[in-house]
2 protein chains.
Amino acid sequence: MTKSLKDKTLQEQVYENLKLGLLNGEFKPGVSVTIRGLAEELGVSAMPIREALRRLTTERALVLTPTGRVRVPCMTRKKLNQLVSARICLEKQAAIDAIPYIDDEMIEALSLLNDEIDQCIERNDYQAYLQKHRRFHFTLYQAAPSDVFMPLIESVWLQVSPFLSLTLSLEHLQSYNTNDRHVEIIQALGDRDATGLGFAIEADIRHGIGSLSEKDWPGGG
Amino acid sequence: MTKSLKDKTLQEQVYENLKLGLLNGEFKPGVSVTIRGLAEELGVSAMPIREALRRLTTERALVLTPTGRVRVPCMTRKKLNQLVSARICLEKQAAIDAIPYIDDEMIEALSLLNDEIDQCIERNDYQAYLQKHRRFHFTLYQAAPSDVFMPLIESVWLQVSPFLSLTLSLEHLQSYNTNDRHVEIIQALGDRDATGLGFAIEADIRHGIGSLSEKDWPGGG
DNA sequence: TGGCAATATTTGTGATCACAAAAACTGGAT
DNA sequence: ATCCAGTTTTTGTGATCACAAATATTGCCA
């Protein structure tokens, strides 16, 4: 019983580990990550790290410098605008595709997640908030079984997460609570209203990013 | 003068090599590719192949079997529908984002490519047709400098290419020429008409795939 | 103190190997 | 011929190493 079919490879474990770290804001934009550094930190050899980093750079969650070094990408205003555009068009479509698969159970689950998000904000638990918020969106998009949209959406989330975690603090969440938009999403789902759902998704995404004012932008132009 | 900054790594060369092969329809859906096989074929060691394959599986251009084998993915009707949806929403947005960067020179270039596409069809040159067709779309989407939409769009193209090359033959191209749709695209670009451009892009994409009738689908269900 | 050349260290890439699991093949029994 | 157990071959994964380029550090001189 050394290794079985269901055992994930080391490379896969490292990948998921790093991906969660990125989504949870544990990596600050600009810092560089090294193969040997992570290998020692995670207690594995270089190979699984290399492969995990290769995957993450392919997804643009990390970027390669011209000399092959790996780092957490820095955000620019132009890039943020395009990432928002990408999120809107992909997630709108994914949500609309999900409509035929929405049942009462799913609506119940989303409502519960939405309540939990509120509670996270009240008790100032940023980590839990990020998780619940992510789960709210991803369970919706995954309602329609497909391996097409989710990888694309995940790539975009990975690209915005380090920046958002850096700038969007709990104060933002308290004053710009996304809860109302999520209620609109659930409402539209209940009505099987594709158009309304599209608007609600777009509003939610814009709202989440739009609360960033100029002075929130990290230093240096 | 052994290696300089501009020299691409072996891994990068292998990746681009395989990517082009995929886009040009040189890999049939269902066949499996092996590290050692490609290593011998391309005359490099296993490492560059491993990394290139890891990138391509991350992009869903290739897929991993439950036991870690790599193969060219097979198409299903459901997946094709979603890939078409993804192409439409991504490429619509990318084209619209390109509008501010369109000048006469770009329109000239696109018109030329469109003519060349016609010539490829006339002289039955499928390889050249695929290249020109790809270049038409990608030069348009790349008019707006960005590293956000292109990787997403490329991933989707990589996923449809092996299947399309298998099913869409030259006969299809002759009877369902995409030329008219491309003219609409160029027209809308000239008018800076975002709405019209969106419709034209969607029509072009649907048209390219929609010409597939049931009997064109490869065997077995 | 500030700039710069020489040196030392860190880093990614590519190569090679052992290993275990999976797949392909073989041969015999029914 | 068909099925199945036993064997051989193929395959991906992970580990380790050499190497050269990039980066960091040092120490000297103006």
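Proteins come first, then strands; the chains are lettered A, B, ... in the order of their sequence lines, and each starts at number 1. Worth saying up front: this structure is predicted, and the values here are computed from it rather than measured.
Panel note: side chain B:S155, backbone B:P151; no donor-acceptor pair is recorded below 3.5 Å.
The CG atom of A:L130 lies 10.0 Å from the CD1 atom of A:I117; values are rounded to the nearest 0.5 Å. To the nearest 0.5 Å, the span separating CG on A:L140 from CG on A:L189 amounts to 5.5 Å. One distance of note links CZ of B:R206 with CZ of B:R181; it measures 11.5 Å at 0.5 Å rounding.
Of the residues in residues 46-56 of chain A, those placing a heavy atom less than 4.0 Å from an atom of DNA chain C are A:R50, A:R54, in numerical order. For DNA chain C, the residues of residues 26-39 of chain A within the heavy-atom distance limit of 4.0 Å (strictly under) are A:V33, A:T34, A:I35, A:R36, sorted by number.
For the pair A:T67 and D:dT23, the criterion of a side-chain N or O lying under 4.0 Å from OP1 or OP2 is met.
Taking atom CD on B:Q11 and atom P on C:dA15, their separation rounds to 12 Å, with Å as the unit. In this structure, the CZ atom of A:R71 is 13 Å from the P atom of C:dT11, given to the nearest Å. When the C1' atom of C:dT16 is taken as reference, atom CG of B:L10 falls 15 Å away, rounded to whole Å.
A:C74 and A:K79 get closest at one heavy-atom pair: O-NZ, 3.4 Å.
In this pair, B:H182 and B:F136 present their aromatic rings parallel. The plane angle is below 30°, not in the 30 to 60° band.
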Please tabulate, for the side chains in residues 84-100 of chain A, all donor-acceptor contacts under 3.5 angstrom to protein atoms that are two or more places apart in sequence or on a different chain.
| from | atom 1 | to | atom 2 | distance (Å) |
| --- | --- | --- | --- | --- |
| A:S85 | OG | A:N81 | O | 3.4 |
| A:R87 | NE | A:E91 | OE2 | 2.6 |
| A:R87 | NH2 | A:E91 | OE1 | 3.1 |
| A:E91 | OE1 | A:Y141 | OH | 2.5 |
| A:E91 | OE2 | A:W157 | NE1 | 2.8 |
| A:K92 | NZ | A:E202 | OE1 | 2.8 |
| A:Q93 | NE2 | A:D97 | OD1 | 3.1 |

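Projected onto DNA chain D by closest heavy-atom contact, A:R69 and A:T9 fall at different nucleotides, the more 5' of which corresponds to A:T9.
Ion pairing of A:E16 with A:K8 is present here, as a side-chain N (NZ or NE/NH1/NH2) and a carboxylate O approach within less than 4.0 Å.
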